[in-house]
Amino acid sequence: MAYRWKNTFTRADATPEAHFLNRRAFVGAIAAGVGLGMAGSRASAQDTLKPNDWDEITNYCNFYEFGTGKEDPPRYAKALTTSPWSIEVDGMVDRPGAYDVNDIMSEMTIEERIYRFRCVEAWSMIIPWNGFELADLLAMAGVQDGAKYVAFETLYRPEEMIGQRYPVLDWPYVEGLRLDEALHPLTIMATGIYGKPMPKQNGAPMRLVVPWKYGFKSIKSVVRITLTDKEPPTSWNRAGPQEYGFYSNVNPNVDHPRWSQATERVIGSGLFASRQPTLMFNGYQEEVASLYEGMDLAKHF
Ligand code: MTE
C-alpha cells in the first residue's frame, strides 16, 4: 500500500481531539473489502490510493451555502456554529427524535475510509475520511418496514451561511438515497478528515459520503434524516432535471449534457498532468454494481 496506516496514526496521534480510529476496520474495509465478501486481491485498485493533502482537501471546496467559488467555503464557513448540533431522525423509524451528534459519535465506531471522491464537474481527489457506516445510525433509529428511501437535509441558517441569502439553489440543500444504497457498507457519515474533526468547509460536524456517486450526493452539515416510501427531491435535480438525476452514479459512459464524464482532472497532480480516465462507479463497481442490475443507467442517470 502506498498509503500506510502509520501515516494516519502519526497525524491522528498528534491531534488531541482525534477520534478513535479503528485499525482493524480500516485495514479490513480498504484492503479486503470487509463485509462485502471480497477477496483481498480483487481490491488491489484501492491499495494504491494516495490521499490528497490536507490543504488541497480543505481549500478547494463546493459548499454553496457559503458561496459558489471554491475558496468561498474555507473563507466564510468559519461563521458557522457547529455546537450544539443535533440531527432530527424522523419518518418511518421506530425511535424518531433529535439525536445529539456527540451522542451519535459515542455510540459509533469511527473508522478511517480512504475513498475516491469524484465531483460531477470532472475533478477528483482521494480523501481519508473518518466516519461510521450510515447503516449503524439507521439501525439505532430502527427502520420500519415499508421504508424505501432516505432523505437528507442540510442546515438552513442564512445568518451564518451567507450563500443562503441568494437564491442560487432552493434552500435548504436536500439529497436522497434509495434505502439499499443508504445501507451499503461503503456509505458513511463522515465526522473528520485525517483524524481531525470535520472542517466546517467540508461539512462539519457530520456529512454523508457515498463514494460511487458524484460528489453532490454527499450532502454536508446534515440536520435531518427522514425515512420515507417515496423518492425524495434532491437539490441539483430540482435545479436542473436534465443535467442531474436522482442516482448520479459516477459513469464515464454517460456524459453530462454540457461536458464529458469520460475523464477527470486529479486535484494536486500538477498543472500539466494528463487527465485520468474516470472509472465506472468511481472504481467501486465490484461492490455496488449489483444494486443497479437490470437498470438502464443512461435513463436513470
Ligand atoms: N452539501 C451542501 N449542503 N451544499 C453543497 O453545496 N456541494 C456538493 C457536496 N455536498 C454541497 C454539498 C458538491 S457539488 C461536492 S463536489 C461536495 O459536497 C464537495 O465536498 P468537499 O468540498 O468536501 O470536497
Side-chain angles (χ1 to χ4, degrees), residues 51-77 80 82 85 87 113-131 151-158 160-177 187-194 196-225 232-240 243-245 248-250 256 258-259 261 264-268 278 282:
N52 282 83
D53 64 35
W54 174 264
D55 285 346
E56 288 160 352
I57 298 168
T58 60
N59 285 311
Y60 190 88
C61 298
N62 274 336
F63 200 169
Y64 276 25
E65 283 85 339
F66 296 104
T68 55
K70 296 287 182 277
E71 302 82 24
D72 289 335
R75 188 177 308 150
Y76 298 115
L80 182 66
T82 55
W85 191 284
I87 299 181
R113 298 284 182 99
I114 301 176
Y115 281 164
R116 290 192 187 79
F117 192 82
R118 169 62 156 82
C119 179
V120 73
E121 297 163 341
W123 54 265
S124 69
M125 292 196 205
I126 292 168
I127 306 185
W129 303 107
N130 311 113
F152 302 85
E153 195 177 303
T154 295
L155 179 71
Y156 178 70
R157 193 182 285 160
E160 293 182 357
M161 302 175 116
I162 57 161
Q164 287 180 334
R165 297 174 198 168
Y166 308 93
V168 182
L169 287 171
D170 191 3
W171 310 113
Y173 194 101
V174 290
E175 255 308 333
L177 294 173
T187 302
I188 59 168
M189 289 300 283
T191 57
I193 296 170
Y194 274 118
K196 299 182 188 179
M198 187 64 73
K200 292 180 179 180
Q201 61 266 37
N202 295 96
M206 238 180 234
R207 55 95 56 92
L208 182 70
V209 175
V210 193
W212 71 92
K213 292 179 178 283
Y214 291 120
F216 67 84
K217 298 292 290 183
S218 292
I219 181 173
K220 295 177 168 182
S221 303
V222 171
V223 289
R224 185 183 296 273
I225 298 177
T234 65
S235 283
W236 281 104
N237 178 253
R238 264 199 245 170
E243 304 198 343
Y244 309 101
S248 295
N249 293 313
V250 175
H256 186 282
R258 290 182 281 134
W259 58 85
Q261 294 292 21
E264 61 204 52
R265 182 169 59 92
V266 180
I267 302 297
T278 288
N282 205 22

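As the structure lists them, so they are numbered: ligands from 1, and atoms in each ligand from 1. Quick note: residue numbers are just sequence positions, from 1.
For atom 16 (S) of ligand 1, the nearest non-hydrogen atom of the protein is C119 SG, 3.4 Å. Here the heavy atom of the protein found nearest to atom 5 (C) of ligand 1 is Y173 CE1, 3.3 Å. Residue, atom and distance of the protein heavy atom nearest to atom 4 (N) of ligand 1 are E65 OE1, 2.8 Å. For atom 6 (O) of ligand 1, the nearest non-hydrogen atom of the protein is Y64 N, 2.7 Å. Atom 21 (P) of ligand 1 has K220 NZ, 3.4 Å as its closest protein atom, hydrogens excluded (heavy atom only). Ranking the protein heavy atoms by distance from atom 9 (C) of ligand 1 puts G215 O, 3.3 Å first. Taking atom 10 (N) of ligand 1 as the reference point, the nearest protein heavy-atom neighbour is S218 O, 3.0 Å.
Checked options T187, N249, N282; the residue passing with W212 is N249 (criterion: side chain to side chain donor-acceptor pair (under 3.5 Å)).
Contacts of N62 with ligand 1, taken as heavy-atom pairs under 4.0 Å, involve both backbone and side chain. Only the side chain of R207 comes within contact range of ligand 1, with a heavy atom under 4.0 Å; no backbone atom does. The side chain of F117, and not its backbone, has at least one atom closer than 4.0 Å to an atom of ligand 1 (non-hydrogen atoms only; side chain from C-beta on).
Close approach of ligand 1 to I219 (heavy-atom distance below 4.0 Å) involves ligand atoms 1 (N), 10 (N). The C61 neighbourhood of ligand 1 comprises atoms 22 (O), with distances under 4.0 Å to a heavy atom of that residue. Residue T154 approaches ligand 1 through these ligand atoms, each under 4.0 Å from one of its heavy atoms: 3 (N).
The backbone N or O of K213 lies less than 3.5 Å from no partner atom in the side chain of R118, so there is not a single donor-acceptor pair. Checked by atom type and distance alone, the side chain of W171 pairs as donor or acceptor with a backbone atom of Y166 at under 3.5 Å.
Looking only at atom types and distance, the side chain of N202 has no donor-acceptor partner in the side chain of K220 under 3.5 Å away. Between the side chains of Q201 and N59, not a single donor N or O lies within less than 3.5 Å of an accepting N or O. A donor and an acceptor atom, one from each side chain of T278 and Q261, are nowhere located under 3.5 Å apart.
Note: M125 CE to E264 CD = 12.0 Å, rounded to the nearest 0.5 Å. Atom OH of Y194 is separated from atom CD1 of I127 by 9.5 Å, given to the nearest 0.5 angstrom.
With W54 as the aromatic partner, K196 meets the cation-pi criteria of under 6.0 angstrom to the ring centre and within 45 degrees of the ring axis.
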